[in-house]
2 protein chains.
Amino acid sequence: MTKKVKEIIPCDDSCPVKATLKILGGKWTLLILFQINDDVMRYGELKRAIPEISEKMLIQELNMLVEKKLVSKKAYPEIPPRVEYRLTDLGLKTLPIIATFVEFGQENLV
Amino acid sequence: MTKKVKEIIPCDDSCPVKATLKILGGKWTLLILFQINDDVMRYGELKRAIPEISEKMLIQELNMLVEKKLVSKKAYPEIPPRVEYRLTDLGLKTLPIIATFVEFGQENLV
DNA sequence: AATTAATCTAACCAAAAAGTAAGTACCCTA
DNA sequence: TAGGGTACTTACTTTTTGGTTAGATTAATT
């Protein structure tokens with residue numbers, strides 16, 4: 001009779017949960033994606049949709065999301081300026097994640 | 001012809017995404033739940049499964065998860081000590097969330 | 001001529017989260 | 001009697017994150 005040894009596979013950098021967390025793990029990230037959803041949102045609209053976020057964080061997160069190619073940005077050369085954000089194809093793929101967040105929250109928390 | 005006004009519903013404390021984020025938003029939380037999964041895990045096993053986490057953070061997160069009723073803890077009065085963690089019914093409900101993280105990571109990142 | 005509007009930037013500081021390192025407890029084995 | 005195993009705990013420091021304030025832009029409105 002051999003001693004049973006539980007095999008532990010240490011999670012490394014290829015852990016998909018970790019990889020996803022790296023992009024979506026911020027305090028505001030999922031909330032912003034959730035608000036944009038499959039719509040077009042202006043900067044000011046997002047600000048009103050997430051009132052507690054500071055302008056700095058909103059811009060910072062949006063820039064990050066554009067850089068990571070989850071969000072595309074279109075600025076119109078107008079005065080006053082108009083900038084529209086929407087999800088890219090990659091960004092749209094986060095919507096199922098957000099849907100599970102919504103469901104868990106609705107059924108168990110709020 | 002009336003000016004089109006986009007209706008913005010500001011997300012308040014009842015936003016399900018925010019509520020879920022409040023519990024699952026930590027740097028290590030989802031990773032720990034992912035490792036426990038539908039299994040029984042000892043403290044030391046979790047430590048080996050997530051090598052980069054510090055003991056302090058692991059304990060802190062586990063305590064938080066027990067307090068939030070996502071994880072149950074069973075300590076055996078033995079020397080050396082043995083403590084087992086497993087997901088509660090509520091904790092098991094986070095597995096679909098984690099599954100979407102895994103899928104997104106596998107298909108788009110790793 | 002001053003004000004307003006919308007989007008963004010930069011500098012600075014505060015708070016929160018996470019990391020580090022050491023120590024505690026207890027019995028067993030060598 | 002020294003060291004090892006397991007699960008924590010504490011005090012301290014660093015890093016990350018977030019908040020505040022001020023300012024740039026420039027055409028149209030007051």
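Quick note on labels: first sequence line is chain A, next is B, and so on, each numbered from 1.
Distance alone, capped at 3.5 Å, is enough to place a donor-acceptor pair between the A:T88 side chain and the A:K69 backbone. Judged purely by atom type and a 3.5 angstrom limit, A:E45 uses its side chain to pair as donor or acceptor with the backbone of A:R42. Without hydrogens or angle criteria, A:T20 side chain to B:F101 main chain gives a donor-acceptor distance under 3.5 Å. Counting only distance, with no hydrogens or angles, the side chain of A:D39 and the backbone of A:I36 share no donor-acceptor pair below 3.5 Å.
No engagement by B:Y76 is indicated, since no non-hydrogen atom pair under 4.0 Å with the nucleic acid exists.
Summarising the geometry, the separation between CD1 on A:I79 and C1' on D:dT26 is reported as 5 Å, rounded to the nearest angstrom. Spacing between atom CD of A:E84 and atom P of C:dC8 amounts to 11 Å, rounded to whole angstrom units. In this structure, OH of B:Y43 is placed 13 Å from C1' of D:dG5, rounded to the nearest angstrom. Rounded to whole Å, atom C1' of C:dA18 lies 13 Å from atom CD1 of B:I32. The interatomic distance linking A:K27 (NZ) with D:dT15 (P) rounds to 22 Å, in whole Å. In this structure, the CZ atom of A:R82 is 12 Å from the P atom of C:dA6, given to the nearest Å. Whole-Å rounding puts the A:M64 CE to D:dT16 P distance at 15 Å. Distance, A:L21 CG to D:dT16 P: 16 Å, rounded to whole Å.
Applying the 4.0 Å criterion to OP1 and OP2 of D:dA7, one finds that B:Y85 has every side-chain N and O outside that range. Between B:W28 and the phosphate of C:dA17, there is no side-chain N or O to OP1/OP2 separation shorter than 4.0 Å.
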Below 3.5 Å, can you tabulate the donor-acceptor pairs from side chains in residues 11-19 of chain A to any protein atom, sequence neighbours excluded?
from	atom 1	to	atom 2	distance (Å)
A:D12	OD1	A:S14	N	3.2
A:D12	OD1	A:S14	OG	2.9
A:K18	NZ	B:E52	OE2	2.2

Which donor-acceptor pairs under 3.5 Å do side chains of residues 74-84 of chain A form with protein atoms, sequence neighbours excluded?
from	atom 1	to	atom 2	distance (Å)
A:Y76	OH	A:E84	OE1	3.1
A:E78	OE1	A:R82	NE	3.4
A:E78	OE2	A:R82	NH2	3.0
A:R82	NH1	A:E84	OE2	3.3

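Within residues 44-63 of chain B, the residues that have a heavy atom under 4.0 Å from DNA chain D are, in order of number, B:G44, B:E55, B:K56, B:I59.
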Full working for side chain to side chain contact (heavy atoms under 4.5 Å, CB included) between A:L62 and A:K73:
CA-CA 9 Å; A:L62 284 169; A:K73 170 177 179 174; over 6 Å; no
